[in-house]
Amino acid sequence: MKIKKSDVAMAVQWIEVQIAREDSFPFDQTNEKAAKKNLKALKDWRKCTSSVQDIREWADEWLTADNKKRFQEAIVAARSYKADSPINLTKDALKCLEQAAEAAELSPSELIIAHFSQPALDSGSTESGA
């Protein structure tokens, strides 16, 4: 299970929501043996610290293949959301960015992507209009 340190808060929240929402999480409680296993998994979760290693070990041991897939998809979705988060710029930096974007007939985001994309970096291009 691939979990980064930056994923910990989201991972803990996802597991807690699943526990609260689904009585059968992380197992299908169709029989007494599964119910006991589920209770053991929940007790182990309560003992877990919020470390990447503890969460990874718990997920690897207790999540079903379907739940592992859902968990990983939630982590990837959260990472994508973080990537679309706003950034803070000084007023001067914003003004420069907007002017350069207008001159290139691009949005500020498009200009940043064009300037810092891997091909531009590989070619050593540092053109900024200056």
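Keep in mind it's a predicted model, so treat the numbers as computed, not measured.
By the neighbour-count criterion of 12 heavy atoms within 6.0 Å, atom CD of Glu61 is densely surrounded, having more than that number from other residues, nucleotides or ligands. For Lys68, the NZ atom is densely surrounded, since the number of other residues' heavy atoms within 6.0 Å is greater than 12. Enclosure of atom CD in Gln53 by more than 12 non-hydrogen atoms of other residues, nucleotides or ligands within 6.0 angstrom is indicated. Enclosure of atom CD in Glu102 is not indicated, since only 12 or fewer non-hydrogen atoms of other residues, nucleotides or ligands lie within 6.0 angstrom.
Contact annotation: the side chain of Trp58 approaches that of Leu63 to within less than 4.5 Å [non-hydrogen atoms, C-beta and beyond]. At a threshold of 4.5 Å between non-hydrogen side-chain atoms, the residues Asp54 and Trp45 do not count as touching. Residues His115 and Leu97 are not in side-chain contact: their nearest non-hydrogen atoms beyond the backbone lie 4.5 Å or more apart.
Linking ILVMFWY side-chain heavy atoms closer than 4.5 Å, directly or via other members, places Trp14 and Val76 in two distinct hydrophobic clusters. Residue Phe71 is not grouped with residue Val17 when hydrophobic side chains (ILVMFWY) are merged at heavy-atom distances under 4.5 angstrom, including chains of intermediate members.
With values rounded to the nearest 0.5 angstrom, Leu94 atom CG is found 10.0 Å from Gln99 atom CD. Between Lys37 atom NZ and Leu42 atom CG the span is 13.0 Å, to the nearest 0.5 Å. Note that CZ of Arg70 and CG of Asn67 are 5.0 Å apart. Values are rounded to the nearest 0.5 Å. Between atom CD of residue Gln13 and atom CD of residue Gln18 there is a gap of 10.0 Å, rounded to the nearest 0.5 Å.
Using a cut-off of 4.0 Å between Lys/Arg side-chain N and Asp/Glu carboxylate O, Lys40 and Asp44 are scored as salt-bridged.
Minimum heavy-atom separation, Val12 to Ile55: CG2-CD1, 3.6 Å. Minimum heavy-atom separation, Glu98 to Pro108: CG-CG, 4.5 Å. Nearest approach of Leu111 to Ala101, heavy atoms of both residues: CD2-N, 3.5 Å.
Side-chain N or O atoms of Asp7 include one that pairs as donor or acceptor with a backbone N or O of Lys4 at under 3.5 Å.
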